[in-house]
Amino acid sequence: MNTNMEKVIIPRAEHSVSRSELSPNAVKILYKLKEQGFTAYLVGGGVRDLLLGREPKDFDVVTDATPAQLKKMFRNCRLIGRRFRLAHLHFHDEIIEVATFRSTVDASAEAPAEETAEAPSLAAPELPQEAVTEAEPLEGEREGRRRRGHHGPSMLKSEDGMVLRDNVFGTPEEDAVRRDFTVNALFYNIADFSIIDHVGGMEDLKQGLIRTIGDPLVRFTEDPVRMIRAIRFASMLGFNIEERTEAAIEELCGTINKATPPRLYEEVLKLLLLGAGERTYQMMRHSGLFAPLFPHFDAWLERESEGYPHARVGKGLEWVDELIGQDEPVSPPLLIALVFGEYLEEKIAEFRDGGLPQQQAADAAVAAFAAELNPTVAVPNRVLVAVRDILSLQLRFQKTPGRNGRGVIGRPSFLDALQYLRYMEKLTPPKKSLADWWERYAVQQAAGQPTAAAEVPGEAEKVPAKKKRRRRRRRKPAPMPS
């Protein structure tokens, strides 16, 4: 990793970041650290987005204060993380993440574990396997380990180079070089309002490039999820991926499954819910990352159905992007239903052809889908149950209102299922919208109003016929006892 890049300082007059655009809580933290004699910068996506004229989603701070020092300095601080200790400072309306400068030194290779453990200013103590958020309950256990003379390594990598633990602290220059992409390694200095660039991030920002810091093959081996992050940043910002970085993704895409399935699920949600899901999907397939994440689904996408390619995935993500652009929330179950809906519908049809009733077929299809995903992207069971309900309600929507219409609108997945119905009607516009009818029906039921029969799509006004009264048969009298 190259740590000899020239440091560039961009004075306030030459950049667009204003202190007034920063989170007031982040500004308070920066000034308090400065007053206490520490170096502290705003870093990461917040600086990047402000330079691009975008509204940042969060503000991260980096400093030379250790996690233990931060815990003493801020009463609202909670220490989290095992791989790398972080401080979360909790405010009424946001959480500011504060990290200590990381080092480029591989402590596990260059120094014995005892030496790093004896230098508390350089390395945080190892946490137990079941890491917790609060630091205080661990003090007794830490003291016990010190007395027994047991110390774990501050830097720990797997045999193939994947970083498992990284608690070696360093300088601002080293921390910048340790970050993933150049555009995410820019520092905003509250002391003089300048931007500090150690890795050429300003130039890549101007050229619209996502570039790894250092050798992309090494960086993606250290953490395979960085490949997904490269796609996410490129899609979100409308940037291109630098040539060497893109080539490394294509070479190492098969290693993405070394990350844990729950983490990959969270990363996939971020990818597809950033407002550029359709572009992200295309980039994922082009780079080769999509196939190892969803092998069965990708194989299905390669096959045509009745001579037609599977175009509903891209259209579903365009619909998601449209909703997000209108500030309408898209839940994880609705996202999964829109992306995998056609695939699941085919599975349901296969189980129906095998003789299962509709609901059992839906249950079996979603269970088979979950078994396919679990080794790679672990979708929580509650999300899959909601996906099943979204698909099952589509058939129920055809009966307006049918039996127990109030029960339909009371289902937890009703609103997501209604959005899915709107999406299907957008693909094939009907003469009269069932989605509109069910929306009116839900509003009327909430207001306690009856629903007129004439409002039901496809039905004219009818006068309900009187039911013919059945005559009860008279029982024969029981015979008298003789």
Side-chain angles (χ1 to χ4, degrees), residues 269 272-273 277-278 281 297 305 308 310-352 357-366 369 379 382-447 449 451-459:
L269 285 187
L272 301 181
L273 291 176
E278 200 279 332
Y281 164 69
F297 183 59
S305 291
Y308 294 96
H310 301 289
R312 259 179 61 179
V313 179
K315 291 179 180 178
L317 287 168
E318 287 176 353
W319 173 250
V320 170
D321 295 341
E322 184 178 332
L323 293 175
I324 293 172
Q326 298 169 358
D327 291 327
E328 294 190 34
V330 177
S331 69
L334 178 58
L335 172 70
I336 292 173
L338 289 169
V339 173
F340 299 98
E342 185 180 8
Y343 181 59
L344 286 168
E345 287 165 5
E346 283 195 14
K347 282 184 174 295
I348 292 171
E350 290 172 4
F351 283 110
R352 288 295 305 276
Q358 175 67 27
Q359 188 59 51
Q360 292 183 22
D363 293 346
V366 172
F369 178 59
V379 181
R382 67 180 185 279
V383 175
L384 291 171
V385 169
V387 171
R388 180 201 62 192
D389 290 347
I390 289 171
L391 297 177
S392 297
L393 280 172
Q394 302 310 304
L395 185 62
R396 177 62 184 83
F397 282 150
Q398 306 301 316
K399 302 171 184 178
T400 51
R403 291 184 180 179
N404 195 20
R406 294 179 184 177
V408 174
I409 63 176
R411 298 277 287 274
S413 301
F414 170 74
L415 292 179
D416 282 342
L418 194 63
Q419 283 283 38
Y420 188 88
L421 178 61
R422 287 198 181 281
Y423 163 68
M424 295 301 294
E425 289 184 345
K426 183 178 180 181
L427 295 180
T428 309
K431 292 182 179 179
K432 290 188 178 181
S433 171
L434 274 174
D436 287 345
W437 187 91
W438 277 101
E439 185 174 9
R440 286 196 305 270
Y441 178 75
V443 171
Q444 290 165 349
Q445 291 300 315
Q449 301 173 2
T451 304
E455 294 178 358
V456 179
E459 291 189 11

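No hydrogens, no waters, no symmetry mates; every other heavy atom, side chains included, goes into these values.
Residues that satisfy the ring-ring contact (aromatic ring centres under 6.0 Å, His included) test with F340, not counting sequence neighbours, are F294, F297, F369. In this view, Q419 and E328 satisfy the side-chain hydrogen bond (donor to acceptor under 3.5 Å, both in side chains) rule, not counting sequence neighbours. D389 pairs by the side-chain hydrogen bond (donor to acceptor under 3.5 Å, both in side chains) definition with nothing, not counting sequence neighbours. Shown here are the side chain to side chain contact (heavy atoms under 4.5 Å, CB included) partners of L395, two or more places apart in sequence or in another chain: Q358. Take E278 and apply the side-chain hydrogen bond (donor to acceptor under 3.5 Å, both in side chains) test, not counting sequence neighbours, and it matches Q282. Annotation: salt bridge (charged side-chain N to carboxylate O under 4.0 Å, His left out) contacts of D321 (sequence neighbours excluded): none. The side chain to side chain contact (heavy atoms under 4.5 Å, CB included) check on V320 picks up L273, I324, V330, L335, L338, with sequence neighbours excluded. Looking at residues two or more places apart in sequence or on another chain, you find no side-chain hydrogen bond (donor to acceptor under 3.5 Å, both in side chains) involving Y281. Residues satisfying the side chain to side chain contact (heavy atoms under 4.5 Å, CB included) criterion with R382, sequence neighbours excluded, are P380.
Between E342 and K347, the closest side-chain pair of non-hydrogen atoms is not below 4.5 Å. The shortest side-chain heavy-atom distance between L334 and S331 falls under the 4.5 Å cut-off.
Sorted by first and then second residue, the salt bridge (charged side-chain N to carboxylate O under 4.0 Å, His left out) pairs involving residues 416-431 (not counting sequence neighbours) are E322-K426, R422-D436, R422-E439.
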Candidate pair R388 and D363, rule side chain to side chain contact (heavy atoms under 4.5 Å, CB included), full reasoning: CA-CA 7 Å; R388 180 201 62 192; D363 293 346; 2.7 Å; yes

task: Would you sort out whether Q360 and R352 count as a side chain to side chain contact (heavy atoms under 4.5 Å, CB included), showing the intermediate values?
output: CA-CA 9 Å; Q360 292 183 22; R352 288 295 305 276; over 6 Å; no

field: Residue pair Q394, Y420: steps toward the side chain to side chain contact (heavy atoms under 4.5 Å, CB included) verdict
entry: CA-CA 8 Å; Q394 302 310 304; Y420 188 88; 3.5 Å; yes

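Pairing each heavy atom of V383 with each of P332, the nearest pair is CG1-C, 4.2 Å. Closest heavy-atom contact between I390 and A337: CG2-CB, 4.1 Å. Shortest non-hydrogen contact noted between R396 and K399 is NH1-O, 2.9 Å.
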Review item, side-chain donor-acceptor pairs of residues 401-413, under 3.5 Å, at least two apart:
| residue | atom | partner | partner atom | Å |
| --- | --- | --- | --- | --- |
| N404 | OD1 | G407 | N | 3.1 |
| R406 | NE | Q445 | OE1 | 2.8 |

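The backbone N or O of L418 sits nowhere less than 3.5 Å from a side-chain atom of W438 that would complete a donor-acceptor pair.
Ring orientation note: the planes of Y423 and W319 are tilted relative to one another, at an angle of 30° to 60°.
Once rounded to the nearest 0.5 Å, the distance linking CG of L421 with CE of M424 reads 8.5 Å. To the nearest 0.5 Å, atom CD of residue Q359 and atom CG of residue L391 are 10.5 Å apart.
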